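Since the structure comes first, as structure tokens, the remarks are kept for the end.
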Amino acid sequence: MIKLIPFELKKVLWKRNFIAIMLLLLLVNVFMLWYLNTSNGENPPLSAYKAVYNDIRDLPVDEQAEFLGEISETLDMIGIVDMISVLSSQDNEYSRRSVQRLLEQYGEVYDEYRAKYETGDYLRYTDSVNTELRLIKDIQGQFNTVSGYDDYIKSIEKNRNLMNGVSIFNKGSTSDSFSSRNIEKSYADHKNLSSENIRFAPSKGVKIASESIVTDLLLLLAVMMFVGGLIGEEKEKRLFYVTRATRLGVTECMGAKLSALLIFSAGITVLLYGSNFMYAELTAGVGDLTAALQSIADYTGSCLKITIGEYLIFGILIKTILLFCFGGALSAICVISSHGFVPQLCGVGVLAVFRVAYEFIPAYSVFSPVKYLTFWGAFDPEQLFGEYLNFNIFGFPINRLTLTLWITGVMLVAITATGLLLFAKGRSLETRKFRPKTGIQFVHGKLFLHEGRKILFMNRALVVLLLFAVLVGYGELNRSYYLSSGEVYYLRFMERIEGELDDESEKIVIEEKERYDRVFEQLELVEQMISSGEIGEQLGAEMKSALQAQTIFYPYFQRVWTQYEYIRENGGKFIYDTGYSKLFGYGDDSFLTDCLLLSMCVVFAFGSVMSYESQKNSLNIISATARGKFSVIRTKAAVCAGCVAVMTVIPCVLRFKMITENYHLKMADSGLDNLPMYYGSGLGIPIWIFMLLMVLTQYLTLLLETAAVLALSYRLKNGMQTIILGLVIFSAPLVLSVMGLDFMKWFSVYPVYSMKFV
């Protein structure tokens, strides 16, 4: 049997398509890790967690707490200053009274932190107050949980002593109950634990490295494909009749297949979760792997005396065993099934039922064992290793981890034995085609509908298009557009002067400029008086503080002044430009993300469109006449072009919706060269026409990508090879650009897609 194992592995793994699919799963896994953890302007970026950890990891515990506390306090105070500044920018009675009330309550805070607020020095890790405050509060909460671990252990001992004290006076009534036994077991499991090897690290990296529902689904998909190649293909080719003819062909063959499945389960788990670990280490950091598992806040409930590194290894081991059990169950079903789709259908159905039970059964329900002891409960390492839970089994507390391992072990033996027995006794040694009889016939008199059906349904392009539509839509709707107090000032000021430069608007701008000039002159005078000793430093600081309060929004007024100077010299109109800059992709990476997603969508959706005819051996029939071949190719291209048009419009519409809800986009009939980002471009076309041209350019860019993918598909005659090559050509430069190699975007279609050449 040992010699058969490499043969069984090679039979599946040495196929080019299978290797390509596994590499594709790896790319999808890394891509989804990046996409699901991308900052949307509200949640902190992963690099911020790593930066905070790098700043505190070498500090003593007391200094770590002080460091985080100082940043948190500063951000709280900056928030108060920001609130006062926002209200100050609103010219109404309610705002003025609110500002007066806040200054009476927080006047000292405002004076102390206003200068820091103006310079922006308080931002260390992110680019906004709210995001940084959310980051620090999150890490501070985790730190407090970890630093209070000794108190947590003492509370367990205190509960046990309290229970023993009660049981002395109530013999026979409490000592034999599940509650008392549970408290006693909890004490016994935790009594040898302490904070000796605990070294705090943010939990973000470890959670990314050890748990991901996307990675878990990809692992299950990989195992289903491996089982299909291992057993399903042999049944289709009727090779089991040959195997069963020998004396040792039954047990030896099936034993080798199950061994190959175990090796593959371990290899694919290490590959995908290894990529998760590398991604987590490069972005968020995973901390000191030799520290105790309880160094991570989400795992302080664990009673295991293991390190973070050991936890990651144990997580891979338990996932490997569970994957093998899943694959073994599919193999057993595949052996007895006469139809190739039945094992996959059963596997997906059982997983779906288990997932629904895991998500919707309450933890306090009497059915909680069903929630925690089924497949998904054991597949969740944070719950399995990180939380302490005992089940009530006939009045005795049994730890969840222990019970899960026992059940997994029994399931491992049972599935292996069942697979061997069914293979030995099974009678269904070949696969029959399933042809359901229905009254529905997908035959169309029009070629466009016929080719559309083949592309969208038979090639499953519709599934890919819907998936990427959800991803693109999620990205656009989840993007944060934050209006700072300075932006509110700029918006209100531009609303007063927007349009042609006339005497009234010029007067407003000049008066504001003169006001700032007077304030700066007074500040300079105060500095001179302090230097000459005419006034004391304390009085001078108070005078400067009062004057500086009037210059908070000067950087935003400079944007107004830039427009004024340009209009005086070159002519034009005042336009509030922030909304347009967001819409045209300035100041964020929204266009880069959309371009990457849509490029991948084109490759996945249309990579096998032209190769489909070759795979079905219908290319010769289509090529019988020049007109027939040309008509089919033209129709396929038309269907793909229609799909690309829909996908192009989705992010444009959603971005327009989100921006108009936060900024205004007035004067769209004005010339484009009135916007500061297009000064000197010479483009006098209306802004709304440029908006349409941008959408059209994005569509044409994706259309060219589609044409290239169709050409590759026609040339290679292999859908998987086309997808891999298409990803390398069109998506890889964008992925590298997203990862920080900014120059790589110039080797992609992004400059044309974003119209940054204008």
Side-chain angles (χ1 to χ4, degrees), residues 33 37 46-68 125 135 138-154 156 188-212 215 266 269-321 380-388 399-402 404-405:
L33 278 178
N37 291 284
L46 297 181
S47 57
Y49 286 92
K50 188 172 186 178
V52 176
Y53 172 65
N54 289 337
D55 285 344
I56 67 174
R57 63 180 176 180
D58 297 326
L59 299 176
V61 175
D62 293 341
E63 293 185 19
Q64 288 179 346
E66 183 179 352
F67 179 85
L68 294 173
Y125 308 108
L135 167 72
D138 182 19
I139 295 179
Q140 195 174 31
Q142 296 178 35
F143 177 83
N144 293 337
T145 300
V146 174
S147 60
Y149 187 73
D150 282 334
D151 294 333
Y152 168 71
I153 298 297
K154 289 178 182 178
I156 295 175
D189 290 341
H190 289 87
K191 67 179 181 180
N192 294 324
L193 297 176
S194 67
S195 60
E196 180 181 356
N197 192 35
I198 290 180
R199 296 186 289 278
F200 170 73
S203 61
K204 197 73 171 180
V206 173
K207 289 172 71 69
I208 292 174
S210 62
E211 54 181 289
S212 168
T215 306
T269 304
V270 171
L271 177 66
L272 294 189
Y273 268 99
S275 67
N276 287 17
F277 175 82
M278 294 180 63
Y279 181 84
E281 174 60 26
L282 291 173
T283 54
V286 295
D288 184 358
L289 296 180
T290 63
L293 178 61
Q294 292 78 9
S295 300
I296 306 299
D298 291 337
Y299 302 90
T300 52
S302 174
C303 65
L304 300 176
K305 200 171 185 179
I306 59 175
T307 64
I308 297 174
E310 291 169 342
Y311 157 73
L312 295 175
I313 294 173
F314 289 152
I316 289 178
L317 288 176
I318 190 67
K319 286 180 183 291
T320 297
I321 296 173
D380 188 345
E382 180 186 353
Q383 299 290 331
L384 188 62
F385 293 95
E387 291 192 1
Y388 185 78
N399 187 261
R400 173 193 174 183
L401 176 60
T402 303
T404 300
L405 293 178

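Predicted model, so just to flag it, every value in this text is computed and none were measured.
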**Request:** Take Asp288 and Ile308 through the test side chain to side chain contact (heavy atoms under 4.5 Å, CB included) and record every step on the way to the result.
**Result:** CA-CA 8 Å; Asp288 184 358; Ile308 297 174; 5.9 Å; no
Sequence-distant partners of [X], salt bridge (Lys or Arg N to Asp or Glu O under 4.0 Å), two or more places apart:
| X | answer |
| --- | --- |
| Lys204 | none |
| Asp380 | none |
| Glu211 | Lys207 |

**Request:** Would you sort out whether Thr283 and Leu33 count as a side chain to side chain contact (heavy atoms under 4.5 Å, CB included), showing the intermediate values?
**Result:** CA-CA 11 Å; Thr283 54; Leu33 278 178; over 6 Å; no
**Message:** According to ring-ring contact (aromatic ring centres under 6.0 Å, His included), who are the partners of Tyr299, at least two apart in sequence or on a separate chain?
**Reply:**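 Here the qualifying residues are Tyr311.
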**Item:** Contacts of type ring-ring contact (aromatic ring centres under 6.0 Å, His included), residue Tyr125, not counting sequence neighbours
**Value:**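 In terms of ring-ring contact (aromatic ring centres under 6.0 Å, His included), with neighbours along the sequence ignored, Tyr125 is linked to no residue.
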**Message:** Quick one about Gln140 and Asn144 (side-chain donor to acceptor, distance below 3.5 Å, no hydrogens or angles considered), yes or no?
**Reply:** no
Working to the nearest 0.5 Å, report the span between [atom1] of [X] and [atom2] of [Y].
| X | Y | atom1 | atom2 | answer |
| --- | --- | --- | --- | --- |
| Gln64 | Phe200 | CD | CZ | 7.5 Å |
| Asn192 | Ile153 | CG | CD1 | 10.0 Å |
| His190 | Ser302 | NE2 | OG | 7.0 Å |
| Leu272 | Ser212 | CG | OG | 9.5 Å |
| Tyr49 | Asn37 | OH | CG | 10.0 Å |
| Leu304 | Leu293 | CG | CG | 7.0 Å |

With a 4.5 Å cut-off on side-chain heavy atoms, are [Y] and [X] touching?
| X | Y | answer |
| --- | --- | --- |
| Gln294 | Val146 | no |
| Ile156 | Asp189 | no |
| Thr307 | Leu289 | no |

For the student: nearest non-hydrogen atoms of [X] and [Y], plus distance:
| X | Y | result |
| --- | --- | --- |
| Val286 | Ala209 | CG1-CB, 4.3 Å |
| Val206 | Ser210 | O-OG, 2.7 Å |
| Gly301 | Tyr388 | O-CB, 3.1 Å |
| Ala201 | Ile296 | O-CD1, 3.6 Å |
| Leu46 | Tyr279 | CD1-CE2, 3.8 Å |
| Thr145 | Ala297 | CG2-O, 4.1 Å |

**Item:** Partners passing side chain to side chain donor-acceptor pair (under 3.5 Å) against Ser195 (at least two apart in sequence or in another chain)
**Value:**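 Scan of Ser195 (side chain to side chain donor-acceptor pair (under 3.5 Å), adjacent residues dropped) gives Asp150.
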**Request:** Starting from the C-alpha separation in whole Å, work towards a yes-or-no answer on side chain to side chain contact (heavy atoms under 4.5 Å, CB included) for Tyr152 and Thr300.
**Result:** CA-CA 9 Å; Tyr152 168 71; Thr300 52; 5.7 Å; no
**Prompt:** Step by step, would you call Arg199 with Thr290 a side chain to side chain contact (heavy atoms under 4.5 Å, CB included)?
**Reply:** CA-CA 9 Å; Arg199 296 186 289 278; Thr290 63; 3.0 Å; yes
